[in-house]
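What follows is one structure encoded as C-alpha cells, with my remarks underneath.
Whatever order the structure lists them in is the order used to number ligands and atoms, beginning at 1.
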Amino acid sequence: MSAIMCELCAADGSVARRDILRLATIAVVGLAVAQHAVAANVADPPKAENVLSPDAALERLMKGNDRYVEGLSRRHDFKHEREALSKGKNPFAAVLSCADSRIAPEYCFDTARGDVFVCRVAGNFASDAIVASLEYTVQVLNTPLIMVLGHESCGAIDATIKSIKDGTILPGHLPTLVTALAPAINAVEAAPREVLANAIRRNVTLNVEKLKTGAPILKSFVGGKKIQVVGGVYQLRSGRVELLA
Ligand SMILES: [Zn+2]
C-alpha cells in the first residue's frame, strides 16, 4: 500500500496530496455527521417511548406478539408519526428475519414505523452486511435489543438439508445460502426425524451466538449490558414467537 502511495506521489505529488486531503476531509465530515446523529438521538429521540432498557424492549416486543396472536393489533396512526420520524429514528428493537413472505416482523410484533430495524435474508443468518447493519442500529441509533427470528417450515433450510443429503449443487447463487446454513444442519445430524425443526432452532441459536461473541462491536455492547441478543422461532399456524433460551 505504502509503495503504491509513493509511486503516486512520485508521479504527481500535488494531485496525490490533494486526494489525501480530500479523503481526510470526507472522513472528518463523516465522523461529525455520525456523532451528530448519535447526539441528536440521545438528546431528542423522535419516539421517546422507544428509549428502553434491553429487558423492557424485549417485554414490549413480546407483548406486541401477544396482541398479534390474539387478533388485537393496534391501529397505527402513520399520519401523525410522519413529522417526528422525518427528523430521525430510534427503533427499540432490531430483528434479523428470514425473507419468507409469511413472516412480517412489523406485523407479528404489532409495531409501527420507526419501531423495528429489520434485516431480512433467506435463512436469517448473520452475513457481514447484516452484522454491519446491526452494528449501525446499535451504535448510532441506540437500539437496545436484537432478535434473530427463524420460523417453522423454512424453505431455505429445507433446501439446504436436501442439497447436503443428496450431494447436489443448487443453481445460481443458492450455494451461498447452503454454505451459510450448513453449520446448523451439520450440528443436528444425530436427530434425523426432526432434522428440519432442529436445524431451524440451531440456526437461530448459532447466529445469536455469532452476534454476541463473533462481532466485536456488538460483543462490547453485550458485555456492557447495553444490548440484549435473543432468538425466537415464529410458529406459522398461531403467529406466536417462541423465545429460545
Ligand atoms: Zn425461511
Counting only protein N, O or S atoms and ignoring waters, those under 2.8 Å from the Zn ion (ligand 1) are Cys98 SG, His151 NE2, Cys154 SG
Are Leu244 and Ile157 connected into the same hydrophobic cluster when the rule is that any two of I, L, V, M, F, W, Y join if their side-chain heavy atoms are below 4.5 Å apart? yes
Test side chain to side chain contact (heavy atoms under 4.5 Å, CB included), reference Leu149, set Val230, Ile103, Asn124, output is Ile103
| message | Evaluate Leu58 against Leu243 for side-chain contact (heavy atoms from CB on, under 4.5 Å), listing each step before the verdict. | response | CA-CA 10 Å; Leu58 180 59; Leu243 273 181; 4.2 Å; yes
side-chain hydrogen bond (donor to acceptor under 3.5 Å, both in side chains) pairs touching residues 153-162, sequence neighbours excluded, are Asp158-Lys162
Task: Stacked cation flag Arg60 on Phe92, 6.0 angstrom / 45 deg - done: yes
**Report entry** Trace of the side chain to side chain donor-acceptor pair (under 3.5 Å) decision for Asn50 with Asp115
**Finding:** CA-CA 7 Å; Asn50 284 4; Asp115 287 343; 3.0 Å; yes
